[in-house]
4 protein chains.
Amino acid sequence: MKKVAVVGATGYTGVELLRLLVNHPQIRVSQVTSRENAGTRVDAMFPNLRGFLDLDFTAPEVEQLADNDLVFFATPNGVAMKSTPALLAAGVKVIDLAADFRIKNIEVWEKWYEMKHACPDLVAEAVYGLPELNRAEIAKARLIANPGCYPTAVTLGLVPLIEQGLVDLDIIADTKSGASGAGRKASVAHLLCESADSFKAYGVSGHRHQPEIAQTLTNLAGKAVDLTFVPHLLPMIRGIHATLYADLTANTESAASIQALYEARYQAEAFVDVMPPKSHPETRSVRGANTCRIAIHQPQGGKRLVVLSVIDNLVKGAAGQAVQNMNLMFGYPETTGLLSPGLLP
Amino acid sequence: MKKVAVVGATGYTGVELLRLLVNHPQIRVSQVTSRENAGTRVDAMFPNLRGFLDLDFTAPEVEQLADNDLVFFATPNGVAMKSTPALLAAGVKVIDLAADFRIKNIEVWEKWYEMKHACPDLVAEAVYGLPELNRAEIAKARLIANPGCYPTAVTLGLVPLIEQGLVDLDIIADTKSGASGAGRKASVAHLLCESADSFKAYGVSGHRHQPEIAQTLTNLAGKAVDLTFVPHLLPMIRGIHATLYADLTANTESAASIQALYEARYQAEAFVDVMPPKSHPETRSVRGANTCRIAIHQPQGGKRLVVLSVIDNLVKGAAGQAVQNMNLMFGYPETTGLLSPGLLP
Amino acid sequence: MKKVAVVGATGYTGVELLRLLVNHPQIRVSQVTSRENAGTRVDAMFPNLRGFLDLDFTAPEVEQLADNDLVFFATPNGVAMKSTPALLAAGVKVIDLAADFRIKNIEVWEKWYEMKHACPDLVAEAVYGLPELNRAEIAKARLIANPGCYPTAVTLGLVPLIEQGLVDLDIIADTKSGASGAGRKASVAHLLCESADSFKAYGVSGHRHQPEIAQTLTNLAGKAVDLTFVPHLLPMIRGIHATLYADLTANTESAASIQALYEARYQAEAFVDVMPPKSHPETRSVRGANTCRIAIHQPQGGKRLVVLSVIDNLVKGAAGQAVQNMNLMFGYPETTGLLSPGLLP
Amino acid sequence: MKKVAVVGATGYTGVELLRLLVNHPQIRVSQVTSRENAGTRVDAMFPNLRGFLDLDFTAPEVEQLADNDLVFFATPNGVAMKSTPALLAAGVKVIDLAADFRIKNIEVWEKWYEMKHACPDLVAEAVYGLPELNRAEIAKARLIANPGCYPTAVTLGLVPLIEQGLVDLDIIADTKSGASGAGRKASVAHLLCESADSFKAYGVSGHRHQPEIAQTLTNLAGKAVDLTFVPHLLPMIRGIHATLYADLTANTESAASIQALYEARYQAEAFVDVMPPKSHPETRSVRGANTCRIAIHQPQGGKRLVVLSVIDNLVKGAAGQAVQNMNLMFGYPETTGLLSPGLLP
């Protein structure tokens, strides 16, 4: 039994983390922090937790946080980096669900996140928490940069092709996300009346997840990947769908061999499901589940591949993946507390 | 051709008013105000108006507003009452879409709206802008209190019964509204992720529209009406559905005679549609339309009547009714600019 | 470890039952039937089950079904009654999620369900599977009539008042359900384009759940309950919200004492949650959970109580309650496989 | 005043056509047909039309249809081609909102629509009803093939680039449509519970609109256009969003010059709105309106253009465009009956 704390649990990744942790057989949540809501019950804000979590929000103090085996940061960007050095020094493991430790190039990070990094040295140490790529390093790590939601869906959809060097490195990711990706904060733009029953692209001229994905793919390819990344906002709560366009370098691969490649690459992965050829994965099939579901198409039989990849942005794209990383760090079976089917319908 | 201004047009009733006014053949919108957005184009905030309205937001100044035939206030409660005396004095007509002039009892108003009234004397003069009840007074008025959205749906659903004294005056109004009733302001509670795909009651212990409805019904009945009013929030944008429960005083009325009563009462009304017996009006049938659609049921043949009444809260419940009132005040045909079918599907 | 079969698992209660059963530690699903889909994989129809259930649909044959400890019928009304006698004779327990065994008065049943009952004798034996009322009988039963979704929400919301004889027996239940209550069958009326972004009542003049609820309440009260039951269709997938209106017989009960009564009545119940006074339960707080969440209001301090009751119609209103009943019948802890928080947001 | 009939008006394009026609100042709808619903009132099926259209559905008989100036076919594919020869022979103009006359190559048409064409000779005569490309021919035509919804959004988004020969002819159209594109027919796949709150691609391996778009672009380019067309289903009713990826052939064009090109190309078009640089058009901004709204992006300043194009699939993508074509054919001002802002929110 390990003790964990969740810092900044008033957002959607926070409440989702709590939903998963209260059912985890090896974990006790000792502390849930929110400076603003200190003193109020957590389940007054999130009534789905009534009966599952008997805690008040507390103010985040490093001394108390240090009395845990692991601390999750479900905070806005720029918060985790301030307390992480002290926590690591105190022997506490850290998983940051925000972006503070995701991008190795500090200059790039500071440009996109528009702040000075508080502990650039730790960025080098941090392990990018995508178990399907970095399982061994995660198991040994004390600091995890939990991947972004779009990056998880896009990267898992492309890994087999990039690892095998089968496609041109000029790739398009047309991605669509439910509104929970925008977080739980007062805003006009994400009111139901603004974003329901409508659809739009956003950030077409530049989005923070582009350099994050490009970094991973470039590392994997061994040379620069040119990624066009276009996100869109779906009129729904949960779910990301990535439609990925990549061109086969040689026209010698058959659809069947690409399918076989994906199946082989992910055969041992509990949370990546390669669907039968010509499938169309639905985001609802992974609602609430820690699964990435992938299908491969080769329209008109040509060199252009279309890969479809879906996740629940709050689970495999955030809280579920964080628990998966935690399991690895604690030496628990990787699937502990994470095996349940999506909620369909 | 008359000149009108819309004060505070950054909310949903404001943009809906503009949508209706730009197509009104006798009206020119001369000014659209928003202190906060002065200098920016109206259609930059509301791109549906691109090509229809070539104006910037301006700051609301009484001198400029006075250069209109009529001014609409689509502002939060408590704003209209501050400028209305000066505008009336300048000979300008005023329609307030907020609640400043709706409740005749100043004490009651001040209790529910939690502020001091700025011009209680004008409250007495103001005409409650429900044309189906007060057509003649509206035509002569210089100041209109445009009814609330719930009050419009509930009142029109009950008028024939109350006028004829057919029911006990202990009435239940179980009402449901789309999220646009909550307005266009930054808030967590009305984010898509908070209010989509869910349903709840709110304000069950007390809601401002209860005294407004009770005042109208009590006037009509000539004695106190005891109204239980329970509002709910629908996971959709537009539409109000009122389910009204009233018990026949004598059990002598047949379902057919009640149906006939409603049809007779509203036969001459362009914007109230009594559906055939046992119908179930859908809110979508009035989406974007200035129509109230009503159906009457007598389940199990007993003394209890169930009346169903639907409107689009932004049209017959706000902007459309305001234009209807304006037409009456200017002596135009009442339906001018308001005759178009709902958007279905 | 017990073996169970699910008959007719191509609907929403069926897939929800499978979602719960594949995670139940004491249960093995041996067979899933659908005459029409025999031979195709269950997870081809319901991809959320990929990796959790390695079965094809089979045709429902009594001999094979008899090789189970318990059979669930997630079939249309009128199917379970045909096979139940043979299964009971073979020593197999049966839970019918449809309405075949819910109504004791065969005449009433045959009127509402418009067919002849195939085994009226078994109706008398069947236990109405609402554990909060009939726990002991359920534990001993071999045949369970699993309650309807509306009846579960309405009945649990009224039990404490009826048991204590505190209210007049003229009660209004204004109820609202997500579209999954209408089932998974081809129809125009429940297309997304027909029922999204809109709201309406239906069946106001009469609905099958009215006699079911009235039967339970009448039994509890010891005299006839006059129930006005008005259902509405919500533009969302899951969730029922019942708004219940009942008048205190004597005006001597305080709001606090009613609240205390509810808390006492349900204190030992794992799946009924009485919220703090003046709460507004949201359906999303029970999404995917086997919980009924209740709040009590006394608007304007009068004799009229307003009780709010929410459930997930597919869980506490169907599949979850069926598993709860199964746990009781097998002597397992009642909460086995059912303890997880709702999916919020 | 001209007389028109609508054949097959029980679908979504049919009711939308009626919504537009009842408000058209120069048109009288004389007949609305549906073999299956003959004898029932049109407004019983579509209550938004109550008060606007006093007609019953009739069976479609050519003799009666011939007593009109123009007949719209809002029928499934393959219906219009059967009656069109007789109507044209009788001097009646025809607009087919389905696909019977869209594809000039009969073999290609028969492959995609899986039936034999009934009047291949008329296909050659039919004019593709995209006024922004074929205005003069439409004005003189007696038979119009009204474009598909996706083709309208995609083609208008690409016309300026293709006409000027600025991009490689290997183009990707990642498109998303509301569910009304699937029509109003009983099906499981388009139930609210199947398609709400979820997102998926469909037809990735091949879709009928691909050859339609490719035909138009190839004609425009003067050489073969290689189009990858991937459609997706949005959890909402109306709206299409096309995200178009095209690479500049020479890297000499600046973003500003592309923007200027689009503005110049569409300056005189009433129904195509080029938004300011870096805009993100929302589908809701054209809800109910006959407008195509376009924005151009050049992410990362490179050779890749991303063009965003939105329409209401039922208006500019179907019924509105049909009325626009009718206006041209009758010599009315092109915008008659079509000038109203989108319904936002």
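Chain letters run A, B, ... following the sequence lines, proteins first and then strands; every chain starts at 1.
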Any donor-acceptor pairs between chain D and chain C, under 3.5 Å? If so, list them.
unit_1	atom_1	unit_2	atom_2	d
C:Tyr12	OH	D:Glu194	OE2	2.5
C:Arg184	NE	D:Glu194	OE2	3.4
C:His190	O	D:Leu192	N	2.9
C:Leu192	N	D:His190	O	2.9
C:Glu194	OE2	D:Tyr12	OH	2.5
C:Glu194	OE2	D:Arg184	NE	3.4

Mind listing the closest non-hydrogen atom pair of C:Cys193 and D:Ala179 along with its distance?
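Distance-wise, the nearest heavy atoms are SG-C, 3.4 Å.
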Starting at CG of D:Leu191, measure out to CG of C:Leu192 and round the result to the nearest 0.5 Å.
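D:Leu191 CG to C:Leu192 CG: 9.5 Å, rounded to 0.5 Å.
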